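Read through the structure below, which is laid out as structure tokens, and then see the notes.
Computed from a predicted structure; not experimentally measured. Order of the sequence lines fixes the chain letters, A, B, ..., with proteins taken first and strands second; residue numbering starts at 1 for each chain.
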Number of protein chains: 2
Amino acid sequence: MTSELQGRIRPVEVDRTSPVPLYFQVATRLQELIEKGEIGVGARIENEVDLAERLGVSRPTTRRAIQYLVERGMLVRKRGVGTQVVHPKVRRPVELSSLYDDLVAGDRAPRTEVLRLEVMPAPDAIANALEVAPGTPVTWIERLRYAGGEPLALMHNAIPIDVLPLTRDDLAAHGLYELLRRNGLTPRIATQVIGARSATPAEAKTLAEKRGASLLTMTRTAWDGGGRALEYGSHVYRASRYSFELNLSAG
Amino acid sequence: MTSELQGRIRPVEVDRTSPVPLYFQVATRLQELIEKGEIGVGARIENEVDLAERLGVSRPTTRRAIQYLVERGMLVRKRGVGTQVVHPKVRRPVELSSLYDDLVAGDRAPRTEVLRLEVMPAPDAIANALEVAPGTPVTWIERLRYAGGEPLALMHNAIPIDVLPLTRDDLAAHGLYELLRRNGLTPRIATQVIGARSATPAEAKTLAEKRGASLLTMTRTAWDGGGRALEYGSHVYRASRYSFELNLSAG
DNA sequence: GTCAATACTTTGTCATGACAAACTCGGGGA
DNA sequence: TCCCCGAGTTTGTCATGACAAAGTATTGAC
């Protein structure tokens, strides 16, 4: 009676021979329908029980699929009411990607200049952030990132050498996170601190900013699924050209 | 044979009369043991099946409890191997709370000065952010937030009047998010943009900063579970006294 | 006509049982 | 001695069934 689109997921289609889990197949199907707008924002989807029956899967499986989309901010559930579409796109919890990835995705023609690359023992502050013993050998990198021909960010990173050996050429051509992933290292957890301060004269010159211009600062430590620290980074961005965009979902 | 601490969760203690879900009771218990260091980093916890039996709950319940901690980055699971502690503290996904809440939690004695409070038709930019029609009546607020006796942030907010009526006294004594929650309005999804810029002379004066000091800026729109926009905010923080801390987990 | 109690709908929690997939480790064969 | 294979362990997925809790809608009383 309301604005029911009553998402008809029509032709049942789960492939039980596929190695892809059923709940994921269902979630993907739902996500497609929502992204294509076939279930419009505000519309309620079928209740779990009916949906499960029609798709020929159990209720827990259906539930898990829906839960998956709820966690991504597409759906909202209310006990006694139903499940509603609240946003037609996935709102990612917050990207765990590198600046390079973002720029490529945004078509902003990134270019990287490697200013420094050397192996050195980790100073206390960095060892602390990486949760390794002081003096542990790390690769120390300083890079200048350009976008659209203009300098955008000055980036400092430390990567334990037993995590990944790095070369200048690799870093000039690819983002750090891309290199990590290529070597089977997936950042899964990170802590970031975002702040701001005025540029030092040297920074201002490097970044083509005026003296004392505002810079965005970001320090981050990233761990893989096994709890091993992969990377510590301390970066400064030109505030006039860059900002962080976050999508949060709580609950 | 390895460095097994083999987390003995000892005296079974789940309270079936409590309204708190069993899985949550188990998760909380585990979290305590880990935070207290009784299960040390690197140690494996008991396998799901045994743990379930000993606690007198079903395996799915135990699983859900463990899953909860995995999502928060405390534990890591490996099929065929077991579940390991990787970090002794909860890494929260990202808080959807207000500055006021954070300051209270951090014991920094917040105080709020309401500089302005009026109902006005929403200008285009704000109506756009809130996804409402231009001209829709909103309560417009300007607040100055102190912490530890010093000014910390200058905050501008717009709240549609049909969401919540606000008074000066309420705002002086409580955080905006607290007021929302008290009225049954729970922010569930938000998009934020964090940037930086130099203070205008007026801002510098209000915030007791020097001319041209760096400020952190944050604009946010928050929605409730039903997809209704609750709040638009545009805030500036003294970069010398404040920064954003985020914990990300990608899965 | 208005308000409160009741029935219904829908999600939330929990149990039990079963099999599959990934990893570890030990034993047997080359 | 080294490597491969199989047994054992542990998490991953899925089904079925049941009841509880929170909303919504309906009905009945005043």
Between [X] and [N], does any side-chain N or O lie under 4.0 Å from OP1 or OP2?
X     : N      : answer
B:T83 : D:dT10 : no
B:R64 : C:dC14 : no
B:R59 : C:dA15 : no
B:R16 : C:dA15 : yes
B:Y23 : C:dC14 : no

Do [X] and [Y] get their side chains close enough for a donor-acceptor pair, meaning under 3.5 Å?
X      : Y      : answer
B:R143 : B:T112 : no
B:R77  : B:Q67  : yes
A:E231 : A:N157 : yes
B:D15  : B:T17  : yes

Whole angstrom is fine here: how far is it from [atom1] in [X] over to [atom2] in [N]?
X     : N      : atom1 : atom2 : value
B:L75 : D:dT10 : CG    : P     : 16 Å
A:E48 : C:dT11 : CD    : C1'   : 5 Å
B:L55 : C:dT16 : CG    : P     : 14 Å
B:R77 : C:dC23 : CZ    : C1'   : 16 Å
A:R63 : D:dG17 : CZ    : P     : 18 Å
A:L22 : C:dA20 : CG    : P     : 14 Å
A:F24 : D:dG12 : CZ    : C1'   : 15 Å
A:E46 : C:dT9  : CD    : C1'   : 14 Å

**Q.** DNA chain D: 5'-proximal contact among A:T61 and A:R79 (nearest heavy atom)
**A.** A:T61

(Q) Taking the nucleotide of DNA chain C with the nearest heavy atom to each, does A:P60 or A:V49 sit closer to the 5' end? (A) A:V49

Q: Taking the six-membered ring for Trp and the single ring otherwise, decide whether the centroids of B:F244 and A:F244 are under 6.0 Å apart.
A: no

